Amino acid sequence: MSVLSSLMGTMQADSAGQAVGQAAQQASGAEQAATQAGQAVINIPKTAWQDPGTNTFWLPEAASVTTDNVDWIYLGLIGLSIFCFIGITAAVVYFTIKYRQRPGHERPLPSPSHNNPLEITWTLIPAIICVFLFVAGWRGYVDLATPPQHALEISVTGLKWKWKFTYPNGVDDPNGELHVPVNRSVRLVMSSNDVIHSFFIPAFRIKQDVVPQRYTQLWFKATQPGVYRMYCAEYCGLEHSQMKTVIVVHEPGGYADYLARIEEQALNIPPAELGKKMYDNYCIACHTLDGTTKVGPSFKDLVLGGQNEMTDGSSIVVDENYIRESIVEPQAKVRKGYPASMPSFKGVLSDKKINGVIAFIKSLNDGSQQ
Amino acid sequence: MAKENPENPSYTSFLEDPHGIMGHRGGFWGWFGTFDHKRIGIMYLCGILASLMVGGLFALLVRLELFFPGETIIGPQAYNEFFTLHGAIMVFLVIVPGIPAALGNIALPMQLGAPDVAFPRLNLASFYLWCVGAVLLVGAMAMGFVTDQTGVDTGWTFYTPYSLKEHTAGDAILMSLVGVFLLGFSSIFTGLNFLTTIHKFRAKGMGWFQMPLNLWALYATGIMQVLATPVLGITVLLLSVERFLEIGIFDPVLGGDPILFQHFFWFYSHPAVYIMIIPAMGVISELITTFSHKHIFGYRFIAWSSLSLALLSFLVWGHHLFVSGQSRMAGMIFSALTFTVAIPSAIKVFNWTATLYKGVIRLQTPMLYALSFVLLFTIGGLTGLFLGVISIDVHLHDTYFVVAHFHYVMMGSTLVAFLGGLHYWFPKFTGKMYPEKLGQFISVMVFFGFNLTFLPQFVMGSRGMTRRYWDYDPEFTLMHQLSTIGAFVLGISLFIVVCYLFWAAYKGEKAPPNPWGASTLEWESPSPPPLYNFVEQPPLPELYEYDELVYDDEEGGYVRKLRDGGEVRSYRRYVRSKPSGGH
């Protein structure tokens, strides 16, 4: 939430005089965010949101390719509505003044009690306008509802009361923000962990409910780098109004850098925890933790300092080097009684991850992990 | 008949009326045991006005909280409970029964020239159900405050899975749903009663197209009440079945479908919007023709548009689910169908406006409300177009734009029409006049207060302000503050209305039988009317024909010319009831 809170802080500080206590609170939030920026995740681009000059009175900034579908009909309808409203109001006010009861005007003037051609006219004109509006809205909706092929897919999970974004490399966004590249179609595949939420980005004019036990989707293609607001639009309880975050649209190249950085950052955890993650991703298919045998031997038997018998009859002492070798060059020493079927993880697991796996295996037998 | 003016002083107020009660009894049972439609209507009216005050109080608390971003007076939990209370009370207790059960009950039999509704006992039963339902609904919601636990905070829509039993206030939610169930039956009984009464109790010579438009509107409403409301009851039953038998219906954990609830809910609640607005249109049709002193323009188009709205309202519920995950094809079909309701609504607005043309317009309080209605309903209707255009709805759904739109329809239109109708029939059923100047002033304040409250919300919503938010981005502060100020102007005005009406019911000037020069049958009876409404069956006047009505200073109201072969021989003053031994 660092970007969001710092932006909130800035805006609050600008609107001096209003909610002074809150501004102060938010300002301290901004400071915190600034210190966090030490471990800088991203550079915040200058945003359209912070610059009200690009907004119209009626609509927020527009920053996706599909917004035109919405905006021109919306603004056209505003015009039509104002025209109709002024027309009706003028007629009502004019008649009311002209035909008000006053001396000399006590009886209604002769006028027809119905007029079929007139009735049909004012039935048909609204009907034609409605057909036009429907077609316009329908065409726009087809665009909104049809993601292009080969869009970048990001998984979105709504939960009380935050959003979780999982990038194609499997990494969850550490700040609960959505980062995307500019000028690239992005498809969001969304689901909820608890109640119904709704994913809403005003600047992209898109919204879709996020429902438990099923997937819904949204797509967009951001046209300008910037930071845009994102809200939960379906009431979901206590912290509904805090279930908001920002979407950061990166300059070309910025997105890849960002992914690399958060991936790197995701490794900055205690080695045994990192090893557990690697185990869950890579080892679990063949190696158990409880002593039972799957394809390969269980990690429970892999006690550092213990002895293992190999297929060639030799016996080795289990140490860090043995485990490392078993990962990067598994065929070098194969445990007796097991097939030599393990693939090499050289290049798949970095040194840091291998160290994590070793730490995880060690932790299995010193009682700190199950 | 000439210049008949009984010496007998008639009673001065319904409060002292010894006849308008069952078995001539006064006191508690004189009211709660009555089968008289007028008394039942008045009891409904008191209940509805009390609910209006309570619901309005919560609206003001919600608006006050939103005066600043962050916490202003209450925390998010209380805020969520308050807007739930506001919505549930206003919808289920005020606006749905407002015009049909209160004003309709009083006016419908009299406009038909009938002594009472077809099923007076059912009428009373429906009021009892309303009372029990109201107590359960509000009681369940208030339980949270009393027991100091989480109260009902689901919003009036009770969307699943949020409202399911995992919710800490699950029992209270179920209890409030039982209240909604009973209120639904109250509404069904009223609708059934009105349909039968209109079919069977029309005055001799009154064909379908000699019925006042208010009756057409109540007829269309009755159809919807009878056909749509059972779905609400079924939905509540299904929620109970799921809860107690653990059969997956709406709960995704049990294999149910939470979106199904939304379909069920809106299958009732969308027609319910028309249960609220169509009677309002009926009232407005009466007010505009009466206060223009001129026949309504396009009678048949208005009558048929009421019926077609009732029919079409059943086909458009899916526009509440455009972004919920229903199929896109369904979304597009519902979008197309949604536009069909715009057309009958537009026809009515044009016809009302045309009725003013060449009339004699008197800007008394009911007419001021009626003209407010025409303008506010125009805004409500036009902004509905935005939400029918499916691509725009994707952006505007669940924002303040929607909040503003439905307040223009449900409050700006229905409640304003209710107030107009209340002032219109007030002299009839109480026998007293309300203070006219104050009434006019307040009606203007209601109009300005209302627009100040809700116009900024259109802009906020378009700019991305989502609804049901306790906190908001600072850029919306100014518009929220305007809205809150407007809400207080509105709230105070409505409070004054209720106060002066209660005052006038006791202390107001005596009302003539026909203070407005209205042409329909209820004005052919004394004010207040006796038990069974008419002392003798009045001749059926020509509908919306005002030439025969002239103002009479002695009477203080309008009297009807009596003709004999084209010559005006005399003026028929209205028969006043005689306090005799009963009927």
Side-chain angles (χ1 to χ4, degrees), chain A residues 11-12 15 18-19 22 58-60 69-70 73-74 77 81 84-85 88-89 91-92 95-96 99-101 105-109 111 113-114 119 122-123 126-127 130 133-134 137-138 140-141 144-145 195-196 198 200 202 205-209 211-213 216 231 233-235 237-238 240-241, chain B residues 68-70 76-77 80 155 159 161-162 252 258-259 293-295 297-299 301 323-325 328 332 335-336 339 342-343 346-347 349-350 353 356-362 371 374-375 378-379 382-383 385-386 389-392 394-395 397-398 459 462-464 466 468-471 474 477:
Chain A
M11 295 203 52
Q12 282 282 11
S15 58
Q18 290 174 353
Q22 244 175 358
W58 292 102
L59 291 166
N69 289 322
V70 179
I73 319 177
Y74 177 91
L77 251 179
S81 300
C84 293
F85 179 72
I88 296 279
T89 308
V92 167
F95 290 157
T96 305
Y99 301 113
R100 70 189 186 279
Q101 185 184 36
H105 181 64
E106 302 282 359
R107 296 176 58 77
L109 304 168
S111 67
S113 68
H114 64 276
E119 296 277 359
W122 68 39
T123 305
C130 284
L133 285 174
F134 164 69
W138 166 58
Y141 183 65
L144 287 176
V195 299
I196 298 175
S198 190
F200 177 33
R205 317 281 188 268
I206 54 172
K207 184 181 292 116
Q208 173 64 54
D209 284 6
V211 185
Q213 308 280 332
T216 51
Y231 302 99
E234 182 64 64
Y235 174 68
L238 186 66
H240 171 51
S241 62
Chain B
F68 293 115
Q77 183 60 38
N80 293 346
Y159 270 15
Y162 185 75
I259 307 293
H293 213 68
K294 171 177 165 274
H295 54 73
F297 189 83
Y299 173 91
F301 275 82
V323 301
S324 72
R328 287 164 221 173
M332 285 188 247
S335 169
F339 284 109
I343 295 158
I347 291 173
V349 171
F350 295 141
T353 309
L356 301 174
Y357 176 64
K358 293 192 173 177
V360 179
I361 293 164
R362 288 162 295 153
L371 295 179
V374 173
L375 301 187
T378 302
I379 297 179
L382 287 169
T383 51
L385 292 177
F386 290 77
V389 177
I390 187 164
S391 63
I392 303 182
V394 168
H395 176 60
H397 206 95
D398 276 325
V459 183
S462 302
R463 297 186 60 82
T466 31
R468 293 176 169 176
Y469 263 35
W470 169 77
D471 188 15
T477 308

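All values below were derived from every heavy atom in this structure, side-chain atoms included, with hydrogens, water molecules and symmetry-related copies excluded. Please read all numbers here as calculations on a predicted model, not as lab measurements. Each chain gets a letter, A, B and so on, in the order its sequence line appears, and its residues count up from 1.
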Which region of [X], side chain (C-beta onward) or backbone (N, CA, C, O), has a non-hydrogen atom less than 4.5 Å from a non-hydrogen atom of chain B, or is it both or neither?
{"X": "Leu144(A)", "result": "side chain"}
{"X": "Val211(A)", "result": "side chain"}
{"X": "Phe85(A)", "result": "both"}
{"X": "Glu106(A)", "result": "backbone"}

If you count heavy-atom pairs within less than 4.5 Å of chain B, which of [options] leads?
{"options": "Gly140(A), Cys130(A), Pro126(A)", "answer": "Cys130(A)"}
{"options": "Phe134(A), Trp122(A), Phe95(A)", "answer": "Trp122(A)"}
{"options": "Ser113(A), Ala127(A), Ser81(A)", "answer": "Ser113(A)"}
{"options": "Trp58(A), Trp138(A), Tyr99(A)", "answer": "Tyr99(A)"}

Open item on the list: Does either side chain, that of Asn80(B) or that of Tyr235(A), offer a donor lying less than 3.5 Å from an acceptor on the other one?
Closed with: yes
Open item on the list: Hydrogens and angles aside, do Ser198(A) and Asp209(A) bring a side-chain donor and acceptor to less than 3.5 Å of each other?
Closed with: yes
Need one label for [X]: side chain, backbone, both or neither, based on atoms under 4.5 Å from any heavy atom in chain A.
{"X": "His295(B)", "answer": "side chain"}
{"X": "Leu371(B)", "answer": "side chain"}
{"X": "Thr466(B)", "answer": "side chain"}
{"X": "Ala336(B)", "answer": "both"}

- [ ] Taking the side chain as every heavy atom from C-beta outward, state whether Phe200(A) and Val323(B) have any atom pair closer than 4.5 Å.
- [x] no
Task: Non-hydrogen atoms of Arg362(B) and His293(B) that approach each other most closely - done: NH2-ND1, 3.5 Å
